[in-house]
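Everything numeric in this text was worked out from a predicted model, so none of it was measured.
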Amino acid sequence: MATSKSILGEQRQIERAINLIEMGARLQVLESETELSYERLLKLYKEVAGKSPSKGQLPFSTDWFLTWQPNIHSSLFHNIYTWLVKSSALEGIDALIKAYQLYTEQIEACGLEAQLSITRAWRLVRFVENKMLQTTPCSKCGGHFVTEAYENPRHFVCGLCEPPARAGKGAAAGGIQLQ
Ligand SMILES: [Zn+2]
């Protein structure tokens, strides 16, 4: 029984890895989220993506998530992720994969392009877990947005309620609502 269980477990890991590769995840995400060996992941990546994984560092800075449009996308994704973790049996990487699917569906339904990559979505969840970022309710609309840690909710106003001067409000939101 132990053997069949571990084969099933491995099958599950391979499915997860394939899902992530198809979504464009970097190899580092796969290494972190599955127990498959680097060699197997590399082989799988080449098979599924039809190319070698890109080398180089992952984005390590929290800044990107706080710039205006990426912040709206990041917040939308994180709302979906939080909702899934609370309301479904999904957890960890499975919740992240499902949340990312729902995020891209919602963005495409608005006629927009996804700005948040699966790798960034994964980093975002890590940043929030490590308290390097948090979500804060907007004092005007009540939507939850990704902010710096220790943002004061009494004074916080989100990028949809107060878009930067250069952006038109309608175009800015692009139909996205986080209430
Ligand atoms: Zn707001």
I'd like to know if R126 pairs up with E33 as an ion pair, taking the criterion as any Lys NZ or Arg NE/NH1/NH2 lying under 4.0 Å from an Asp or Glu carboxylate oxygen.
yes
Do R40 and E10 sit within salt-bridge range, that is, some charged N less than 4.0 Å from a carboxylate O?
yes
I'd like to check [X] versus [Y] (side-chain heavy atoms, cut-off strictly below 4.5 Å). Are they in contact?
X    : Y    : result
I93  : L20  : yes
L102 : W83  : yes
E151 : F145 : no
S74  : W64  : yes
I14  : L44  : yes
T67  : P70  : yes
L133 : T147 : no
S139 : P153 : no

Between atom [atom1] of [X] and atom [atom2] of [Y], what is the distance when rounded to the nearest 0.5 Å?
X    : Y   : atom1 : atom2 : value
L27  : S54 : CG    : OG    : 9.0 Å
L41  : Q28 : CG    : CD    : 11.0 Å
Q115 : N71 : CD    : CG    : 11.0 Å
S52  : L42 : OG    : CG    : 6.5 Å

Indicate if V146 and Y150 have the same hydrophobic cluster label, given that clusters are the connected sets of ILVMFWY residues with side-chain heavy-atom separations under 4.5 angstrom.
no
How far apart are the C-alpha atoms of L30 and L36, what are their side-chain angles, what is the distance that settles it, and do they pass the side-chain contact (heavy atoms from CB on, under 4.5 Å) test?
CA-CA 8 Å; L30 306 175; L36 303 172; over 6 Å; no
Intermediate values then yes/no, side chain to side chain donor-acceptor pair (under 3.5 Å), T82 and H78:
CA-CA 6 Å; T82 309; H78 204 272; 3.3 Å; yes
Might you point out which heavy atoms bring [X] and [Y] nearest each other, and give the distance in Å?
X    : Y    : result
S88  : L84  : OG-O, 2.7 Å
Y100 : L116 : OH-O, 2.6 Å
A25  : T119 : CA-OG1, 3.6 Å
Y81  : E129 : OH-OE2, 4.4 Å
V48  : E22  : CG1-CG, 3.7 Å
V157 : C138 : CA-SG, 3.9 Å

Would you sort out whether L96 and V125 count as a side-chain contact (heavy atoms from CB on, under 4.5 Å), showing the intermediate values?
CA-CA 8 Å; L96 191 126; V125 169; 3.6 Å; yes
Is [X] reaching over with its side chain to a backbone N or O of [Y], donor-acceptor style, under 3.5 angstrom?
X    : Y    : result
N130 : M132 : no
R26  : G56  : yes
N79  : S75  : yes

Is the closest side-chain donor-acceptor distance between Q134 and E148 under 3.5 Å?
no
Answer yes or no: does atom CD of E91 have more than 12 heavy-atom neighbours from other residues, nucleotides or ligands under 6.0 Å?
no
Considering residues, nucleotides and ligands other than Q101, do more than 12 of their heavy atoms fall under 6.0 Å from its CD?
yes
May I ask you to establish whether R154 and F156 are in a cation-pi arrangement, using a distance under 6.0 Å from NZ or CZ to the six-membered ring centre and at most 45° from the ring axis?
no
Passes side-chain contact (heavy atoms from CB on, under 4.5 Å), I107 versus H73? Steps please.
CA-CA 8 Å; I107 288 294; H73 283 248; 3.5 Å; yes
Yes or no on side-chain contact (heavy atoms from CB on, under 4.5 Å) for Q106 and L76, after CA distance, side-chain angles and deciding distance?
CA-CA 9 Å; Q106 197 158 336; L76 172 64; 3.7 Å; yes
